[in-house]
Amino acid sequence: MASGLRVLAVDDMPAALDRIARLLRESPEVAEVSTADDPLTALNMIRTARFDAVFIDISMPGMNGIDMGGLLAKLADPPAIVFVTAYDEHAADAYDLGAVDYLRKPASPDRVAAALRRVMRTLPSTEPARSPVPDSLTAIPVETRGRTRYIKRREIVFVEACRDTVKLHTFSGIHPARMSISQLTEAWEDAGFVRTHRSFLAAISAITELRSDPTGSLVAHTELGDVPISRRHARAVRERLFRTANTEDPEY
């Protein structure tokens, strides 16, 4: 949307409401942020103004966030719903209501940005069509001894950054490719991959469990070995794994 998103944040806790509102206002996709400290006020605002998305806390007195989401889902043209909570037990109910995302408190800037991208995909496009960057990277060219081979995205278990190249770890071997891990992260984050570390990107479907290595550091276990998880990325990895486990359609 050229004009940016109009977003409503709902939370009965002032500190939590201020935090999510600030993160939304700092997001380049957002043009306007309104706030409400209870569901009834929020519903009245939605009746009188148009919002593209509503970020709703779940645990609120009186009408909780799930109840509010149920009312919004009955509207003819409801805003996209993103639930924000400190707990996991409502995830199934949230996705049953058609929520586009489910954020754990305190939500990080990266997770809010990811939620906003999901919101934008639910909206009709008002801009000229652009070349789809993710689809252009469904296969990666790899040059070996003067020959070019294409490694398909679905073959890749994880990616390791190495100076100005990346190593694509597959069951057929490790293949070096001349591109940055940041480029692959941007292209593949909505295609079933998650950044686990500044130097690693992993396929969600390839992660069988999270475990601690002998030094006590968190790693993601795959059939091709353990992938390190930094403290910075640990919450996002857990949330992606949780969402994938609680949705019918796999992300990858």
Side-chain angles (χ1 to χ4, degrees), residues 19 23 26-29 84 86 88 91 101-118 133-143 150-247 250-252:
R19 174 181 170 79
L23 292 176
E26 292 173 352
S27 302
E29 301 90 348
V84 186
D88 290 332
D101 212 338
Y102 187 93
L103 305 185
R104 283 289 305 274
K105 290 183 177 180
S108 67
D110 287 345
R111 283 293 292 115
V112 171
L116 289 169
R117 286 194 294 271
R118 289 173 178 266
V133 175
D135 287 347
S136 68
L137 292 177
T138 55
I140 304 298
V142 173
E143 294 185 10
Y150 287 86
I151 305 299
K152 294 180 180 179
R153 183 173 61 202
R154 65 173 179 266
E155 299 175 43
I156 298 168
V157 174
F158 64 91
V159 180
E160 178 183 2
C162 184
R163 296 181 182 177
D164 59 344
T165 64
V166 294
K167 294 179 180 178
L168 310 176
H169 291 253
T170 73
F171 286 101
S172 65
I174 301 174
H175 310 280
R178 288 193 171 276
M179 59 178 51
S180 71
I181 197 167
S182 295
Q183 182 182 5
L184 288 179
T185 299
E186 182 178 358
W188 290 357
E189 63 182 353
D190 292 326
F193 282 75
V194 64
R195 190 75 169 263
T196 67
H197 184 279
R198 63 181 299 179
S199 300
F200 287 86
L201 176 70
I204 288 289
S205 64
I207 298 174
T208 58
E209 65 176 348
L210 302 184
R211 59 170 63 157
S212 295
D213 67 10
T215 68
S217 298
L218 186 66
V219 298
H221 181 66
T222 75
E223 292 187 49
L224 294 184
D226 291 338
V227 179
I229 301 176
S230 67
R231 290 185 178 180
R232 175 185 175 187
H233 294 91
R235 179 183 291 274
V237 172
R238 286 191 174 100
E239 289 178 347
R240 287 289 298 277
L241 287 170
F242 179 82
R243 289 206 311 275
T244 302
N246 284 278
T247 53
E251 293 189 57
Y252 178 59

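The shown structure was predicted, so the numbers you read here are calculated from the model rather than taken from an experiment.
The minimum heavy-atom distance between I151 and I156, with the atom names listed, is CG2-CG1, 4.0 Å. The two residues T170 and S172 make their nearest non-hydrogen contact at OG1-OG, 2.8 Å. Between P176 and V142, the shortest heavy-atom contact is O-CG1, 3.3 Å. Shown here for A234 and L218, the closest heavy-atom pair between the two residues is CB-CD2, 4.2 Å. Residues P141 and A177 share a closest heavy-atom pair of O-CB, 4.1 Å. Here the closest heavy-atom approach between residue K167 and residue I174 is recorded as CB-CG2, 3.7 Å.
In this structure, T208 contributes its side chain and H221 its backbone to a donor-acceptor pair below 3.5 Å. At distances below 3.5 Å, at least one donor-acceptor pair connects side-chain atoms of T196 with backbone N or O atoms of P228. R19 contributes a side-chain N or O that, together with a main-chain N or O of A107, makes up a donor-acceptor pair within less than 3.5 Å. Side chain of S27 to backbone of E29: no donor-acceptor contact under 3.5 angstrom is found. Remark: side-chain polar atoms of R195 are paired, donor with acceptor, to backbone N or O of R198 under 3.5 angstrom.
Side-chain atoms of D110 and S108 form no donor-acceptor pair, as typed in the model, at a separation below 3.5 Å. Side chain to side chain, S182 and S180 fail the donor-acceptor criterion of an N or O pair below 3.5 Å.
The only option from L241, D226, V219 that meets the side-chain contact (heavy atoms from CB on, under 4.5 Å) definition with L210 turns out to be L241.
Listed by chain and number, the residues in a salt bridge (Lys or Arg N to Asp or Glu O under 4.0 Å) with E209 are R211 (sequence neighbours excluded). The salt bridge (Lys or Arg N to Asp or Glu O under 4.0 Å) search around R111 returns D101, E239, not counting sequence neighbours. Scanning for salt bridge (Lys or Arg N to Asp or Glu O under 4.0 Å) contacts around E26 gives R22, with sequence neighbours left out. Taking the ring-ring contact (aromatic ring centres under 6.0 Å, His included) definition, one finds that H197 meets it with F200, sequence neighbours left out. Every residue was checked against the side chain to side chain donor-acceptor pair (under 3.5 Å) condition with T165, not counting sequence neighbours, and none meets it. Legend: residues meeting salt bridge (Lys or Arg N to Asp or Glu O under 4.0 Å) with R117, ordered by chain and number and at least two apart, are E189.
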Exercise for review: Before giving the answer on side-chain contact (heavy atoms from CB on, under 4.5 Å), spell out for M179 and L184 the whole-Å C-alpha distance, their side-chain angles and the decisive distance to 0.1 Å.
Suggested key: CA-CA 8 Å; M179 59 178 51; L184 288 179; 3.4 Å; yes
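Side-chain contact check for R154 versus S205: every heavy-atom pair is 4.5 Å or farther apart.
How far CZ of F193 is from CD1 of I207: 10.0 Å, rounded to the nearest 0.5 Å. Note: E160 CD to L201 CG = 12.0 Å, rounded to the nearest 0.5 Å. Note that the CG atom of D213 and the CD1 atom of I229 stand 10.5 Å from one another [nearest 0.5 Å].
By the neighbour-count criterion of 12 heavy atoms within 6.0 Å, atom CZ of F171 is densely surrounded, having more than that number from other residues, nucleotides or ligands.
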